[in-house]
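Below you'll find the structure, written out as structure tokens, and then a few comments.
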Amino acid sequence: DKNVKRTRGKVETVDLKAKVFVVNESKYTWNHNTAFTDEKGISLKIDRLKPKAIVFIEWEPVKGSWKKIAKRVCIYNEEE
């Protein structure tokens, strides 16, 4: 999909209620379609998304909005 963008960085904040997390000073939202995996592609629970976690995000911008919807979030095991 040509609209899908990719970002890598360290999680700064996570708001589980609002379904928002911040990486590289940008806010990303997630929904029931978002896949959370480790680097091997194994599904992870959302509680693994925490500040200082290193992530690789595939996301799409929402037209006419600041929102960025995460399609897939790869959470790396090691913290830098």
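We're numbering straight along the sequence, starting at 1.
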Exercise for the section: Give the C-alpha distance, both sets of side-chain angles, the deciding distance and a yes or no for side chain to side chain contact (heavy atoms under 4.5 Å, CB included) between Val73 and Thr34. Expected result: CA-CA 7 Å; Val73 181; Thr34 304; 4.2 Å; yes
Practice task
Report the residues that fulfil salt bridge (charged side-chain N to carboxylate O under 4.0 Å, His left out) with Glu58, sequence neighbours left out, ordered by chain and then residue number.
Solution key: Arg6, Arg72
Practice task
Just do the side chain to side chain contact (heavy atoms under 4.5 Å, CB included) check on Val55 and Leu49 with the steps written out, would you?
Solution key: CA-CA 9 Å; Val55 293; Leu49 186 67; 4.0 Å; yes
Exercise for the section: Report yes or no: do Lys68 and Ser26 form a side-chain donor-acceptor pair below 3.5 Å? Expected result: yes
Exercise for the section: Quick one: list whatever passes side-chain contact (heavy atoms from CB on, under 4.5 Å) with Leu44, sequence neighbours left out. Expected result: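 Leu44: side-chain contact (heavy atoms from CB on, under 4.5 Å) contacts with Asp38, Arg48, Ile75.
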Exercise for the section: Compute both the distance and the angle, then confirm whether Lys27 meets the cation-pi test with Trp66: under 6.0 Å from the six-membered ring centre, within 45 degrees of the axis. Expected result: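 The answer is yes, since Lys27 meets both limits relative to Trp66.
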Problem - Main-chain N/O of Ala70 paired with Glu60 side-chain donor or acceptor, under 3.5 Å - result: no
Exercise for the section: Kindly indicate whether the side chain of Ile42, heavy atoms from C-beta on, has any atom under 4.5 Å from the side chain of Thr37. Expected result: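 Contact flag for Ile42/Thr37 side chains = no.
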Once rounded to the nearest 0.5 Å, what's the spacing between atom [atom1] of [X] and atom [atom2] of [Y]?
| X | Y | atom1 | atom2 | result |
| --- | --- | --- | --- | --- |
| Lys19 | His32 | NZ | NE2 | 8.5 Å |
| Glu39 | Tyr76 | CD | OH | 7.0 Å |
| Asn24 | Arg8 | CG | CZ | 10.5 Å |
| Thr7 | Tyr28 | OG1 | OH | 3.5 Å |
| Phe36 | Asp47 | CZ | CG | 10.5 Å |

Completion exercise
Test side chain to side chain contact (heavy atoms under 4.5 Å, CB included), reference Val23, set Ile54, Ile57, Thr13, output is Ile57
Completion exercise
For Val62, the hydrophobic cluster (side chain heavy atoms closer than 4.5 Å, chained through members) also holds Ile69
Exercise for the section: Please work out whether the ring planes of Trp30 and Phe21 are parallel, tilted or perpendicular, with thresholds of 30° and 60°. Expected result: tilted
